[in-house]
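It should be emphasised that the depicted structure is a prediction, and the values quoted were computed from it without experimental measurement. Counting starts at 1 for both ligands and their atoms, in listed order.
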Amino acid sequence: MHSDTVKTRFAPSPTGHIHLGNARTALFNLLLAHHHDGVFLLRMEDTDLERSREEFIHSIQVDLRWLGLNWQEGEGEGGANGPYRQSRRSAIYQEYYVRLEQAGLVYPCFCTPQELAVSRKARLNAGQPPRYSGKCARLSPDEREKRLEQGINPTLRFRVPKGRTVEFDDLVRGLQCFKTDDIGDFIIRRADGTPAFFFTNAVDDALMKVSHVVRGEDHLTNTPRQLLLLEALNLPQPQYAHISMITGSDSSPLSKRHGSLSVASLREAGFLSGAIINFLGRMGHYYGHDEFLELQQLAEQFDVGRLSRAPAAYDDARLLYWQREAVSHADSAELWSWAGADVHAIVPESEAETFVNAVRDNVQMPEDVLNWAQIIYQDGLELNHEEIAIVQGADGDFFRHALGALVLHGTDFKALASEVKQRSAVKGKALFMPLRVALTGQQHGPEMGRILPLIGIERARQRFEKWVSTD
Ligand code: GLU
């Protein structure tokens, strides 16, 4: 494979937000291209004018960029093979329809949807493949003329050659063979004049010089049709890699509960893009380890041969694992902006970096960061019974010693704790737990050495004073 020849693409239909399934397809295409120093292209397949919306053309780009899946050619970026929205390529498609017409490889079909449904059912009942019967292929020029005069808008069908086998070597699934006799003549232009998927998708891949197509297994049976079209048009054929579908952990098809979660909703819930990328990169591709990787490293270690044929199971626990990894790998500026406005309103900006680095190992979502910001910076810690029992269980003079140690050592926790240890003669858990609970209201949390300076002398004093026994 020559590095300069690899071009992949993501070709969404802008009829909704991208969900995890689409994002994974985009990711694998990008990784394959980047692995070979190639080009990743973005094309909008907006031929369904009813359902395609400008809003989604926009949101798809926002989501891809947020994930870091930048494209080098296509919608919003330009390039030599545009336009990159199919709705703007009618003149190009027209040219290729004419070529097929001139070669006698297409014919108008006047069958109504009802007629097609009846004939499909009859074929199924007779145990035959439910393909188009070819009825309109046999119309005489006169019969065609008559129907056109009746004002029926025909679809345009591609004449599938008889008695052949279409073969291709799928990069994931190996050699694939399809008998053309099982494939009915298919529609490449709808009755309303809009071009059909099989046609635009194949023609555009060829004209945009796409070398590799990574897409869902649900497209596998479309591929022989598209290869036949490309052959008829004498256009180059890309290599295909049909990846397995994502299923729920209970192996049900992907649903709202699992991976049809939109990228936007995960972002709003507080997931970091690095978590999603690492999670998706492992879903159906084997890396052999669970180290957090940046996009470029995912690309370096990507190998088409490691794409799995088995369905990829969606697993919430894995997503959370990668979220924790992403939080621990994010730089402090990224964590600070991820923490959000509520945190920014509490934590002084001059302490931003120290704060996020102090809490990063104890947070998974921005709400956890907010919780620590409140604990560290706000008055009025609320302790539950268990925690109250811990501070009350400390030796009578314990917090008096703690106050003395604070005056002496300020917010140097190590020095403070050893001073208390000396004065009160308690050690280990009996020493550290009451200090932690009095200062944070929690039994677990970030290293005290990192957060005591943020709590500050004044708040620490109040928190110790509260538990000084007066009896
Ligand atoms: N627009 C098609 C889809 O979203 C593209 C399929 C393909 O990748 O070829 O399913």
Provide the number and element of each atom of ligand 1 under 4.0 Å from a heavy atom of [X].
| X | answer |
| --- | --- |
| Glu45 | 1 (N), 2 (C), 5 (C) |
| Ser13 | 1 (N), 4 (O) |
| Phe197 | 2 (C), 5 (C), 6 (C) |

Nearest heavy atoms of Arg173 and Arg309, plus distance in Å
NH2-O, 3.3 Å
Look at ligand 1 and say whether Phe10 reaches it with a heavy atom at a distance under 4.0 Å.
no
Starting from atom 6 (C) of ligand 1, find the nearest protein heavy-atom neighbour and note its residue, name and distance.
His219 NE2, 3.3 Å
Whether the side chain of His35 engages the backbone of Ala299 through a donor-acceptor N/O pair (distance < 3.5 Å, no angle test) should be reported.
yes
Does Arg88 reach the main-chain N or O of Pro83 with its side chain, forming a donor-acceptor pair under 3.5 Å?
no
Distance-only side-chain donor-acceptor flag, Glu45 / Asn201, under 3.5 Å
yes
Relative to Tyr132, does Arg157 satisfy both conditions: NZ or CZ under 6.0 angstrom from the six-membered ring centre, and within 45 degrees of the ring's axis?
yes
For atom 3 (C) of ligand 1, which candidate among Gly21, Ala26, Ala11 holds the nearest heavy atom?
Ala11
Residue part near ligand 1, for Arg9, under 4.0 Å between non-hydrogen atoms:
side chain
Fit a plane to each ring of Phe292 and His329, take the angle between them on a 0 to 90° scale, and name the class: parallel (under 30°), tilted (30 to 60°) or perpendicular (over 60°).
parallel
